[in-house]
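In what follows, a single structure is set out as structure tokens and then discussed.
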2 protein chains.
Amino acid sequence: MVETSTRERILAVAGELFYRDGIRAVGIETVCREAGIKKPTLYHYFGSKDGLIAAYLKDQDEKVLAGLTEPALRADGPAADRVAAIFENVARAARREAWKGCPFLRGAAEFAGERDHAARQLASGHKRRFERWLADFLDEHGVIDPKPLARQLTVLLDGAVTHAFLHGKGAYAREAGNAARALIEGWRRAGGSRA
Amino acid sequence: MVETSTRERILAVAGELFYRDGIRAVGIETVCREAGIKKPTLYHYFGSKDGLIAAYLKDQDEKVLAGLTEPALRADGPAADRVAAIFENVARAARREAWKGCPFLRGAAEFAGERDHAARQLASGHKRRFERWLADFLDEHGVIDPKPLARQLTVLLDGAVTHAFLHGKGAYAREAGNAARALIEGWRRAGGSRA
DNA sequence: CGGCAGTCTTACCGATCGGTAGGTACACCG
DNA sequence: CGGTGTACCTACCGATCGGTAAGACTGCCG
């Protein structure tokens with residue numbers, strides 16, 4: 001028996017269901033049933049559904065970030081190759097039935113009507129965090145003035161994730177990887193700063 | 001008095017609410033109240049909530065497409081300038097409070113759990129339609145072998161839309177516009193086909 | 001042992017969900 | 001005139017929504 005705390009178990013179940021079906025599509029009662037507890041227990045730990053949602057996304061933050069950056073950290077060669085590995089990884093993920101894109105993008109979309117909702121703020125923060133990581137990563141690999149380029153690639157990557165999910169095909173992420181390569185190589189050719 | 005048919009009025013109200021708050025967040029009863037009709041009337045015209053959702057997205061398809069392409073059609077100069085106008089338009093839209101990104105991306109995200117849902121299929125179709133339009137547009141403006149480039153730019157654009165919405169700032173779309181320029185100019189330099 | 005804190009329970013709340021049975025009001029057609 | 005079809009209504013359905021009051025169980029500390 002794997003001795004997981006109740007809180008952890010609820011969070012794990014909620015994460016799976018929220019990611020699989022969408023946050024709004026999953027009721028509290030479903031989470032409780034799957035986690036083998038009763039509602040007041042969930043409310044004891046998380047206070048509200050919004051509290052659970054916030055905990056879910058906070059929990060995903062570093063996990064998703066690690067999953068995204070890992071291919072780049074493992075790859076070698078010039079920056080363009082390493083960044084392309086991120087896109088290739090998305091392309092491969094798109095084939096898996098269970099892969100449904102980025103939980104933050106989807107979460108933010110679900111709460112478009114509530115501007116200050118935790119899901120929106122956590123999504124925004126998560127994306128800024130990735131952008132910053134990428135700027136540092138590019139910098140470490142010899143790219144001059146990496147911040148604008150990091151922003152371009154971040155935007156491109158989320159487009160790739162979205163389209164890979166939308167069409168259920170890796171081709172879009174792979175083509176985006178080609179674009180990423182072109183952008184990085186072009187940046188380098190231009191001396192690391194825009195004309 | 002602007003003599004609109006009941007069906008049109010329901011669709012207009014549903015469109016506004018679905019876009020503003022999210023599809024799942026809006027109940028049928030709310031739509032009926034705002035449209036000044038009763039539930040059976042709505043079910044008379046649309047059959048089910050899913051029917052209404054499908055009608056909503058079908059209705060948006062050409063409108064959104066027209067809104068996206070219009071800046072490019074109005075702009076002049078080389079292809080890079082015209083495509084950049086699309087991104088600039090998104091950047092300007094991001095400032096408006098009521099702008100909430102792409103209804104298709106958001107709709108697809110809300111129904112991530114139902115692979116064959118109309119929202120998913122219509123979103124996928126809409127994106128393919130835009131990609132095809134862009135390929136033709138690039139072709140007309142002298143870009144050789146435009147299809148891969150059109151795909152890259154389509155992915156980039158949706159990333160721009162998503163990030164503009166996510167952060168509520170046009171800066172991301174504007175930076176993506178720079179990337180679009182770089183990709184188009186690089187493509188041309190490379191002779192219109194990849195190395 | 002008594003008492004307290006934390007954990008998790010049974011049993012329930014009002015509101016809202018998507019959807020429907022059955023009928024009325026009216027226009028058009030013969 | 002009667003008949004038919006469309007548009008729209010009142011009134012209601014069971015299920016589920018997010019959330020809570022109040023208590024039982026358990027282990028720890030004195």
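Residues Leu57(B) and Phe165(A) share a single hydrophobic cluster, defined by chaining ILVMFWY side chains whose heavy atoms lie under 4.5 Å apart.
A salt bridge is absent between Glu131(A) and Lys127(A); no separation between the charged side-chain nitrogens and carboxylate oxygens falls under 4.0 Å. Between Arg132(A) and Asp136(A) no salt bridge is recorded (no basic side-chain N to carboxylate O distance below 4.0 Å).
If you walk DNA chain C from 5' to 3' and mark each nucleotide with an atom closer than 4.0 Å to a heavy atom of chain A, the marks span dT7(C) to dT10(C).
Listed for the Tyr19(A) side chain is a donor-acceptor partner under 3.5 Å among the backbone atoms of Lys100(A).
With the nearest nucleotide of DNA chain C identified for both Tyr45(A) and Glu29(A), Tyr45(A) has the one nearer the 5' end. Two residues, Gly47(A) and Thr30(A), neighbour DNA chain D, and the one matched to the more 5' nucleotide by heavy-atom proximity is Thr30(A). Of the two residues near DNA chain C, Leu42(A) and Lys39(A), the one whose nearest nucleotide lies more 5' is Leu42(A).
For the side chain to side chain donor-acceptor pair (under 3.5 Å) test with Glu175(A), the passing option among Gln152(B), Arg151(B), Lys147(B) is Gln152(B); the others fail.
The separation between Ile10(B) atom CD1 and dC9(D) atom C1' is 13 Å, rounded to whole Å. With rounding to whole Å, Lys38(A) atom NZ is found 18 Å from dA24(D) atom P. When rounded to the nearest whole Å, the span between NE2 of His44(B) and C1' of dC9(D) equals 12 Å.
In this structure, Phe46(A) reaches neither bases nor backbone, as no heavy-atom distance under 4.0 Å exists between it and the strands shown. Within the 4.0 angstrom heavy-atom criterion, only backbone atoms of the sugar-phosphate kind lie near Lys49(A); the bases stay farther away.
Residue pairs meeting the side-chain hydrogen bond (donor to acceptor under 3.5 Å, both in side chains) criterion with at least one partner in residues 105-126 of chain B, sequence neighbours excluded, are Glu97(A)-Arg115(B), Arg24(B)-Glu114(B), Asp50(B)-His117(B), Asp61(B)-His126(B), Ser124(B)-Arg128(B).
For Pro40(B), the side-chain atoms get nearest to dA11(D) when compared with the rest of dA11(D), dT20(D), dA7(D).
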